[in-house]
Every structure is written in C-alpha cells, then in structure tokens.
Amino acid sequence: TGYYGDGLNAIIVFAACFLPDSSRTDYNYVMENLFLYVISTLELMVAEDYMIVYLNGATPRRRMPGLGWMKKCYQMIDRRLRKNLKSFIIVHPSWFIRTILAVTRPFISSKFSSKIQYVNTLAELREMIPMEYVHIPDSIVKYDEDKCIKRRMRTSCLSNDPEMASMEQE
C-alpha cells in the first residue's frame with residue numbers, strides 16, 4: 001500500500017502470486033475470508049479516491065482467482081468504494097486475465113470497465129504512479145526483469161536476421 005497526490009490517496013497493491021493454491025481443501029473458505037479482510041481494510045483506508053495495482057506476473061494458473069470469485073467480489077464492493085476507485089491497473093496481464101475481462105465486460109458497468117488499464121512492465125507502471133511508497137515483491141521484480149531480457153533478446157535476434165531486416169526495409 002502507498003499513497004499519491006496532495007490528498008494522500010491510497011494505492012492498494014495486490015500481488016496474485018501470494019494467493020492460496022486452488023488445490024487446498026479449504027480454498028473457498030480461505031478466499032472468502034481473504035476477500036472480507038481486503039474489503040474491511042479498504043473501508044478503513046479509503047476515504048477519498050484510490051487505485052488498485054494488481055500484480056499478475058509470476059502467478060501460476062492454480063493461484064489465480066476464478067471468475068466466480070471475482071464476480072462475487074465486484075458485487076460485494078459497496079457503491080462508495082466502486083465510485084472512489086480511480087483506476088485498476090493490471091501489471092503483466094496474461095492472456096487468461098485479458099480473456100476473463102473481455103468476457104465479463106458486458107456484465108460490469110462501463111464506468112468500471114473504463115478504469116481498467118493494462119501495464120506490461122514495471123517501467124510503464126513507474127510512468128503512471130509514484131513508486132516510492134509502493135512495495136513490489138522481489139518475485140515480481142525478477143519476473144519483470146526476465147520478461148524484459150527475453151523481449152530484448154527477441155528484438156536483437158530479429159534485427160540480426162537478414163531476412164527480417166530486409167522485410168523491415170520494404
């Protein structure tokens with residue numbers, strides 16, 4: 001959690017890689033109580049505008065929350081919290097997250113949909129929000145670094161490939 005702006009508005013950071021494994025026998029119980037904890041914390045912290053940063057990178061599929069759980073969460077958030085949410089930033093979005101949001105878009109308000117932003121790197125996130133009060137877990141930093149290295153390698157491989165270089169010139 002961190003703050004931004006003159007009014008010290010809250011930045012809530014949610015790292016999906018720390019969610020419980022869906023194979024747990026008490027998974028539904030844990031997720032329900034986790035959600036209630038998050039909501040009660042939000043209600044205490046959020047007096048004004050706030051944003052949520054959802055860190056999706058380094059999250060195995062078995063730890064990602066299901067569609068039903070996310071829908072229930074959205075429905076249980078009271079109007080004031082939904083209204084005061086200024087942006088919901090998804091860092092390192094997977095195709096799965098993008099697909100879920102595309103499928104659910106007709107069922108959520110257009111106002112909420114317009115608050116969703118995708119960010120592919122931590123560098124992009126730094127351009128959007130002040131990071132001095134935001135803690136990014138080491139596993140997410142490593143995931144971001146690895147992803148950037150792979151992207152640079154792909155780019156340099158393409159520029160070193162004579163066929164690709166000639167295609168770029170055409």
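Predicted model, so just to flag it, every value in this text is computed and none were measured.
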Subject >> Lys86 side chain to Lys115 backbone, donor-acceptor under 3.5 Å >> reply: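 Flag not set: sc Lys86 to bb Lys115 has no pair under 3.5 Å.
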Membership question, hydrophobic clusters at under 4.5 Å side-chain separation (ILVMFWY): are [Y] and [X] in the same one?
X: Phe35; Y: Val30; answer: no
X: Phe96; Y: Tyr27; answer: yes
X: Trp95; Y: Ile100; answer: yes
X: Val53; Y: Val141; answer: yes
X: Leu19; Y: Ile90; answer: yes

Flag side-chain contact, heavy atom, 4.5 Å: [X] against [Y]:
X: Glu43; Y: Asp78; result: yes
X: Met131; Y: Leu125; result: yes
X: Ile136; Y: Leu122; result: yes
X: Gln117; Y: Phe88; result: no
X: Cys17; Y: Leu55; result: no
X: His135; Y: Val13; result: no
X: Ser94; Y: Met64; result: yes

Subject >> Intermediate values then yes/no, side-chain contact (heavy atoms from CB on, under 4.5 Å), Leu85 and Tyr50 >> reply: CA-CA 5 Å; Leu85 178 67; Tyr50 71 105; 3.5 Å; yes
Original post:
What pairs with Tyr54 under ring pair (Phe, Tyr, Trp, His ring centres under 6.0 Å), at least two apart in sequence or on another chain?
Top reply: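 Partners of Tyr54 by the ring pair (Phe, Tyr, Trp, His ring centres under 6.0 Å) criterion, ordered by chain and then number, come out as Phe14.
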**OP:** Apply side-chain contact (heavy atoms from CB on, under 4.5 Å) to Ile129 and Ile89, showing your working.
**Re:** CA-CA 10 Å; Ile129 64 170; Ile89 302 169; 4.2 Å; yes
Original post:
Cut-off 3.5 Å, side chains only: do Asp144 and His92 have a donor facing an acceptor?
Top reply: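 Short answer, yes.
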Original post:
Could you give the distance from CD1 (Ile77) to CZ (Arg80), rounded to the nearest 0.5 Å?
Top reply: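 Ile77 atom CD1 to Arg80 atom CZ measures 11.5 Å (nearest 0.5 Å).
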Original post:
Any cation-pi pair here, Arg98 with Tyr118, using under 6.0 Å and within 45°?
Top reply: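 Yes, a cation-pi geometry.
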Subject >> Cation-pi geometry met for Arg63 and Phe18 (6.0 Å, 45°) >> reply: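 No, cation not above the ring by the 6.0 Å, 45° rule.
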Closest heavy-atom pair and its distance - [X], [Y]:
X: Val119; Y: Thr121; answer: CG1-O, 3.1 Å
X: Ala58; Y: Ile140; answer: CB-CD1, 4.2 Å
X: Asn120; Y: Pro93; answer: OD1-CD, 3.8 Å

Original post:
Are Lys142 and Asp146 close enough for a salt bridge, meaning some N to O gap below 4.0 Å?
Top reply: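 Judged by the 4.0 Å cut-off on N to carboxylate O distance, Lys142 and Asp146 do form a salt bridge.
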**OP:** For residues 29-42, pull every pair meeting salt bridge (charged side-chain N to carboxylate O under 4.0 Å, His left out), keeping only residues two or more places apart or in separate chains.
**Re:**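 Residue pairs passing salt bridge (charged side-chain N to carboxylate O under 4.0 Å, His left out), neighbours aside: Glu32-Lys72.
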Original post:
Got a sec, which residues hit salt bridge (charged side-chain N to carboxylate O under 4.0 Å, His left out) with Asp26, two or more places apart in sequence or on another chain?
Top reply: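 Partners of Asp26 under the salt bridge (charged side-chain N to carboxylate O under 4.0 Å, His left out) test: Arg24.
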